[in-house]
Amino acid sequence: MLNTGTLFLIYCLSIGEVFMTNSDATGKKSYQIQNGPCTYTFLLPEPQNCGGPSSTFTNQVQRDDLVDYDSSVQRLEQLETTMENNTQWLQKLENYIQENLKQDMAQMQNNAVQNHTVTMIKIGTSLLSQTAEQTRKITTVEAQVINQTTRLERQLLENSISTSKLENEILQQINEIQKLNEKNSFLEKRVEDMEGKRNTELENLEAEKEQLKKLVEKQTSIIKEMEQQLLRTSSDNSAMKQQQQELTNTVNNLIHTISVGSNPAMMQDDPDQYNDCAAVFKSGNKESGVYSLTIPDTKQQFKAYCDMEIDGGGWTVIQKRFNGLVDFHQTWKNYTMGFGDISGEHWLGNEIISMLTQEKQHVLRIDLTDWEGNTAFSKYEQFSLDGEKQNYRIHLNSYSGTAGKTSSMGQPGSDFSTKDVDNDKCICKCSQMLSGGWWFDACGPSNLNGVYYQQGQNTNRFNGIKWYYWKGSAYSLKATTMMIRPSNF
Ligand SMILES: [Ca+2]
């Protein structure tokens with residue numbers, strides 16, 4: 001006889017792991033089998049009194065011998081029947097289990113396949129979505145790359161267009177420069193031609209200038225010669241006049257001597273006593289003419305013309321002009337010592353004038369005559385000349401007279417200048433420009449020692465005998481007299 005529990009366990013072990021057994025109140029035992037993810041629970045009946053009764057039974061056989069034999073046989077038969085039933089039941093159970101197992105396995109396989117499929121689908125879906133994402137990103141990147149490429153291409157195109165434009169412009173500029181160069185060359189050639197012509201003209205002009213210069217030099221020498229001739233003539237004339245004047249003076253003196261009788265104060269007999277014409281006048285000699293005088297504090301004699309008629313007389317004439325016979329374009333030395341004809345046109349001399357006016361205060365009177373017969377005078381109550389070291393600087397004060405409301409002598413006084421000594425205030429040389437020696441300023445409104453112009457030629461002359469505030473700057477006067485007299489006369 002087989003124990004059904006043992007068989008069952010053997011079976012269960014063959015298909016899985018039996019891991020738990022329990023007995024419940026009915027005496028049945030439960031078994032749990034784990035097979036993969038499945039757990040099976042079985043309830044099996046337990047055999048009762050199988051061990052103990054066997055010894056009891058053996059004892060009863062021995063005691064009763066065959067009394068209970070019949071009952072034993074019956075019992076055995078019952079047991080056999082039970083065994084068969086159990087075997088059948090086990091077979092059924094086995095079948096059932098096998099059926100269930102098959103189904104479970106199929107189910108499990110199905111589930112597994114489904115799970116795998118789902119997982120695979122999930123993985124596939126995930127892969128697909130990732131692929132889609134990657135694809136989308138790639139597409140985006142591609143689009144960006146395309147955009148960049150397009151933009152770069154466009155820029156390249158624009159750059160190439162700009163380059164073409166610039167090239168065109170450069171070509172145009174080069175053309176312009178070439179044209180300008182051509183023009184420049186043309187102009188340079190023209191300038192060279194013109195310079196050549198100009199040089200030729202200049203050479204011609206230089207030659208003409210040289211010729212003119214020679215001509216001018218020749219003319220100048222002729223003029224100088226003529227001037228010398230004129231001077232000779234005029235000096236002859238002056239000498240004759242002087243002789244005439246001396247003769248007249250002699251005659252006058254004789255007449256005077258005769259008329260006066262034996263007058264011991266006669267100037268000509270004792271010139272040491274008279275330093276100027278005022279003294280002569282006061283001595284009783286009231287006749288205008290040439291007198292011999294003595295420089296104050298010396299025995300140096302000099303001759304002077306005395307005007308004894310104008311404005312009370314007693315005037316010592318220091319300058320006289322009336323006919324143009326004496327050249328007043330003289331040197332410093334001549335103006336210092338005096339020149340000309342005392343009885344005619346002359347300059348008394350800066351040294352004598354300086355000595356006289358420094359010795360005592362003097363009045364200066366200037367009488368002027370124009371070519372229309374008008375006369376005028378200018379008078380300065382104070383007049384003096386410095387010495388030669390101060391360039392015979394003139395000092396004037398207290399102007400009055402009819403020859404202009406304003407003095408034509410510059411104030412304050414100027415230094416004396418001659419053609420060879422320039423002391424004026426002009427960057428030019430006034431004496432050389434205006435002729436004569438004078439107290440030029442720059443060059444000032446007067447010059448009574450200018451060129452003597454005859455009637456009809458005396459206007460529009462800027463280097464003539466000028467007294468601006470009477471007749472203007474371009475009128476050359478006919479006659480002038482400058483004379484001095486002590487203020488206390
Ligand atoms: Ca000068």
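For ligands, and for the atoms within them, numbers begin at 1 and follow the listed sequence.
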* Identify which one of Ser446, Ser414, Ser417 satisfies the side chain to side chain donor-acceptor pair (under 3.5 Å) criterion when paired with Trp438. => Ser446

* Asked: Would you say the side-chain atoms of Thr481 and Lys320 include a donor-acceptor pair closer than 3.5 Å?
  -> yes

* To do: State the atom name: nearest N, O or S atom of Asp422 to the Ca ion (ligand 1).
  => OD2

* Asked: Got a sec: is Cys430 within less than 3.0 Å of the Ca ion (ligand 1) via an N/O/S atom?
  -> no

* Structure fact -> From the list Phe377, Phe383, Tyr380, ring pair (Phe, Tyr, Trp, His ring centres under 6.0 Å) with Tyr399 holds only for Tyr380

* Nearest to the Ca ion (ligand 1) - the N/O/S atom of Asp424, by atom name -> OD1

* Examine Arg321 relative to Phe328 and say whether NZ or CZ is less than 6.0 Å from the centre of the six-membered ring and inside a 45° cone about the ring axis. => yes

